[in-house]
Colleague: 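This is the structure, below, for whatever I ask next.
Just so we're on the same page: letters track the sequence lines, and every chain starts at 1.
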Amino acid sequence: MKAYEPQRIESKWQEKWQSDGLYAVSEDDSRPKRYILEMFPYPSGDLHMGYVRNYSIGDVIARYYSMRGFNVLHPIGWDAFGLPAENAAIKNNVHPKDWTYENIARQQVQMARLGLSYDWDRTVITCSPDYYRWGQWLFLKFYEKGLVYRDESGVNWCPSCQTVLANEQVLGDGECWRCSTHVEQRRLAQWYFKITDYAQELLDDLEELDGWPDRVKTMQKNWIGKSHGAEVKFTLADTTKTITVFTTRPDTLFGATFFLLAPEHPLVDELVAGTNYREEVERVRQQVAGRTMVERAAGELEKEGAFTGKFAVNPVNGEKIPIWVSDYVLMEYGTGAVMAVPAHDQRDFEFARKYNIPIRPVIQPEGAPLDGAEMTEAFTGTGDMASSGVFDGQNSATSIAAVTEWLAASGKGESAINFRLRDWLISRQRYWGNPIPMIYCDICGIVPVPESDLPVVLPDDVDLNAEGGSLANHEEFSNVICPECGVPATRETDTMDTFTCSSWYFARYCSPSDDDLPVNRAAGDYWMPVDQYIGGIEHAILHLLYARFFTKVMRDLGLLECGEPFKNLLTQGMVKLEGSAMSKSRGNIVSPDEIIAKYGADTARLFILFAAPPEKDLEWSHEGAEGIFRFLSRVWRLTQTIIDSPDLGPHGGGQEKELTQLMHAAIKKVTADVERFNFNTAISAIMELVNAAYRYLDNVSESERDTTLLKQVAEVTVTLIAPFAPHMAEELWADLGHPASVHRHSWPEYDPKLAAVDQVTLVMQVNGKVRDRISVERGLPREAVEKLALRTDNVKRFLEDKEIVKVIIVPDKLVNIVVR
RNA sequence: GCGGGUGUGGCGGAAUGGCAGACGCGCAUGCCUUAGGAGCAUGUGUCCUAUGGACGUGGAGGUUCAAGUCCUCUCACCCGCACCA
């Protein structure tokens, strides 16, 4: 018998697929399309098991839909700009470009070795000028649309990465998403994308993403953070100046006993200038500025505040309330000013207690009324309004709307909405990125690089360690002539956040070498949106939110029809070893190369798909991989045995009938499981079919075998396993006498009649407890079933001296006799 | 604090409200073999007075003829956000 030699057959088929162009696709209106996409890798070294999992999942889906007759686009590329390349380059004294392209070459070889069905003609590499040129072009279009602006404000600065970060890139504990260094605050002039213009749409359209996990949608929803409320205009006492606040609780307006400004609020200096209060306010400001994000995140911070000596006038009752400065008011949210209602807001409550400010309840719960002097915490529940003038007695169910209407009618405020989402800071003070195509001219100001001058090419000959930045020190790059007035000017030397590169690459795959536009309209409209996107949960907010934003802007620019890039999203779990994520520093790495060398790619793929459902974390097991290799060897031997047997034709009988039934049932189960991405159970169904075939060989002597059926079983097994173990399937398919690729063959169909069993096991229960099981013909009528049950010995024993109350019959499944 | 998720044998994991533990790993016994890190067969939740029975899906209640699955409460762990007015 021909031996199973995975390494030999795998490289053979990989070469053949490539030379036959098996996975090259083009637009074809005669077939339905499927765009299957895995998040592209960062070329930071060898592919690790996490990538193998990601790509194995995508490959099964792509190959399955291809066998189902779909026109499948399944591309890959590299997210090639970014800090790791630059850091590695500095460390190893090589150029980031060389380092990047070497890694890409290595990863490409590894991908080929895994037998992934990519259309290699569509490869996109983001650090290539053909690609980043269109990133710059999009930047200019965004700018024309008013979606790009430059602003000086407080930004997150990572001292280790020596660059600013977007809000999304600062983790919950105030650490840099990339290097975990504590992020500092700085004031810098930076470029922003106005993602907040799309906040509402980004929120609303989550509703239509039925194919996304709720978890991811919830995370995005919370990140966008929409709040309904009102803006209320307070006046600065003894002036005509107004200060607007945002509140979600206008119904508590009458309970405002003080007023707060953020320490950075521009009005603060003006209020305390030349007064005795200035010193104390400054002290609080200093103290607050010294706090790190970590301290702020650590939870209960003692609230610090200082009185400004000035008062604000509450528009609803003309009351003068003191204006304080405190760190718990954020300049970035709302208006940076807050009306404080200590009776009904826990933070205000704590502050008021600390600084002895009166607490006045204006919402009274049913039963015991609140007394401000005795309250121990804020009351945030519902009740009737009190001490609130004309609103007294109004129930809180209607009071918010009533007060808001009244504010609007009297010109003292209006209903308002606030988002937590901030604009996207895209400037990075690093070399290895896409240059921002802007020029600073002393005469004309900020001038965009003319489209005809694109791309702004990132120069190769830079000093990576240059003080103040590699590009800023590159005179040829930074010194330019103003395209408008012709005088010497300076180029922007910051580069764009790498997330800009990954925000539209999926569109580029549709027409990867288009010279006129980022994406050819017809190709984009044919392939987009991505039907199935697969990647790690860590991108739930960052990449997936940015990509949605870009897609919407591209749609509004007329570049694409669709407004959502990813119709369905699968977030795969991590690959772990000994309970923790594989990492070099922990030393618990299983290298894909090692596994491929030992068992072949088919085993690596199959194991990773079998060991856990795709969304769950997966524990790597050497024994488990070994077991999968054994299973593949069993498939191999089974098929070769069948191939080697003399042809005896059909041979009907009970065993044949059973094997036929199991074969059709297996097709049914594998199909359903692949459709819903239950690859682990799909594989176990194939195992069951293989086990059944072996059982048949065991039970039936060689001369009695139905070789027609056996060949059919072998072919079905091979086609079912083809998406999972493509090389073995291809080799066995050829051995079974088929000249064309199994991946071009159609997915097997099952006959529902044949998939159903004739004999079913009826479970006999008494009071819900199983007492016996008997095998009967399918479709036995109720009366017969009941009679049968009552006659069964094991059932009878439990009926003695009992009264039968009721008999429940689930056809072909069970009988439950209820007795008393 | 808010939001989301998970909890089933020694392990990974299966179960449209209808036989809990499919499939695989591991382990045990046996067969075959010069040999086995090969192959094959059988067994493998716990307990008991064992051809039978009781118990069993983090815990406590409930609904139901029937609950891993539905409801209420609760515990543990994981993830996201977090002084967002």
Colleague: Counting side-chain heavy atoms from CB outward, which of B:C23, B:G13, B:C79 is closest to A:E688?
Modeller: B:C23
Colleague: By the 4.0 Å heavy-atom rule, please label A:R634 as base, sugar-phosphate, or nothing.
Modeller: sugar-phosphate
Colleague: Which part of the nucleic acid does A:V818 contact within heavy-atom distance under 4.0 Å: base, sugar-phosphate only, or nothing?
Modeller: sugar-phosphate
Colleague: Does any N or O donor sit under 3.5 Å from an N or O acceptor when you compare the side chain of A:K806 with the base of B:C65?
Modeller: no
Colleague: What's A:N816 touching, base or sugar-phosphate or nothing? Going by heavy atoms closer than 4.0 Å.
Modeller: base
Colleague: Give A:R797 one of three labels, base, sugar-phosphate or nothing, depending on what nucleic acid heavy atoms sit under 4.0 Å from its own.
Modeller: sugar-phosphate
Colleague: Donor-acceptor check, side chain of A:R53 to backbone of A:G573, threshold 3.5 angstrom: yes or no?
Modeller: yes
Colleague: Between A:I628 and A:Y599, is any pair of side-chain heavy atoms under 4.5 Å apart?
Modeller: no
Colleague: Would you call A:E688-A:R695 a salt bridge at under 4.0 Å N-O?
Modeller: no
Colleague: Could you measure between the two C1' atoms, the one in B:A20 and the one in B:G68, and give it in whole Å?
Modeller: 8 Å
Colleague: Name the orientation of the base relative to the sugar in B:G7: syn if the glycosidic angle is within 90° of 0, else anti.
Modeller: anti
Colleague: By the 4.0 Å heavy-atom rule, please label A:F798 as base, sugar-phosphate, or nothing.
Modeller: sugar-phosphate
Colleague: What nucleotide among B:A82, B:G39, B:A85 has an atom nearest to a side-chain atom of A:R420?
Modeller: B:A82
Colleague: Regarding A:R695, tell me which of base, sugar-phosphate or nothing describes its non-hydrogen contacts under 4.0 Å with the strands shown.
Modeller: nothing
Colleague: If you measure from the C1' atom in B:G13 to the same atom in B:G26, how many Å do you get, rounded?
Modeller: 14 Å
Colleague: So what does A:D617 hit on the nucleic acid, given a heavy-atom distance under 4.0 Å: a base, only sugar-phosphate, or nothing?
Modeller: sugar-phosphate
Colleague: With sugar-phosphate meaning primed atoms plus P, OP1 and OP2, does A:D214 contact a base, only sugar-phosphate, or nothing at under 4.0 Å between heavy atoms?
Modeller: nothing
Colleague: Just compare B:A85, B:G13, B:C83 and give me whichever is closest to any side-chain atom of A:T247.
Modeller: B:A85
Colleague: Between A:E302 and A:K354, is there a side-chain N and carboxylate O pair less than 4.0 Å apart?
Modeller: yes
Colleague: Determine the contact category for A:Q346: base if any of its heavy atoms lies under 4.0 Å from a base atom, sugar-phosphate if only primed atoms, P, OP1 or OP2 are that close, otherwise nothing.
Modeller: nothing
Colleague: Which part of the nucleic acid does A:K769 contact within heavy-atom distance under 4.0 Å: base, sugar-phosphate only, or nothing?
Modeller: sugar-phosphate
Colleague: Taking the C1' atom of each, how far is B:A82 from B:U72, in whole Å?
Modeller: 29 Å
Colleague: Could you tell me whether the side chain of A:N222 has a donor or acceptor atom within less than 3.5 Å of a complementary atom in the base of B:C81?
Modeller: no
Colleague: Would you classify A:R773 as touching base, sugar-phosphate or nothing, given that sugar-phosphate means primed atoms plus P, OP1 and OP2, and contacts are heavy atoms under 4.0 Å?
Modeller: base
Colleague: Taking atom types as modelled and ignoring hydrogens, do the side chains of A:D423 and A:T196 form a donor-acceptor contact shorter than 3.5 angstrom?
Modeller: yes
Colleague: Checking all strands, does A:F610 fall into the base, sugar-phosphate, or nothing category for heavy-atom contacts under 4.0 angstrom?
Modeller: base
Colleague: Considering only atom P, compute the distance from B:C23 to B:U64 and round it to an integer number of Å.
Modeller: 36 Å
Colleague: Between B:G12 and B:G59, how far is it from one C1' atom to the other, in whole Å?
Modeller: 25 Å
Colleague: Is there a donor-acceptor pair under 3.5 Å between the side chain of A:T335 and the backbone N or O of A:A337?
Modeller: yes
Colleague: With rounding to whole Å, what would you report as the distance between B:G52 and B:C77 at their P atoms?
Modeller: 44 Å
Colleague: For B:C19 and B:G30, measure between their C1' atoms and round to the nearest Å.
Modeller: 30 Å
Colleague: Contact class for A:E619 vs. all strands (heavy atom < 4.0 Å): base, sugar-phosphate, or nothing?
Modeller: nothing
Colleague: Say we look at B:G36 and B:C27: how far apart would their P atoms be, to the nearest angstrom?
Modeller: 16 Å
Colleague: Is the shortest side-chain N to carboxylate O distance from A:D812 to A:R778 below 4.0 Å?
Modeller: no
Colleague: Would you classify A:G225 as touching base, sugar-phosphate or nothing, given that sugar-phosphate means primed atoms plus P, OP1 and OP2, and contacts are heavy atoms under 4.0 Å?
Modeller: nothing
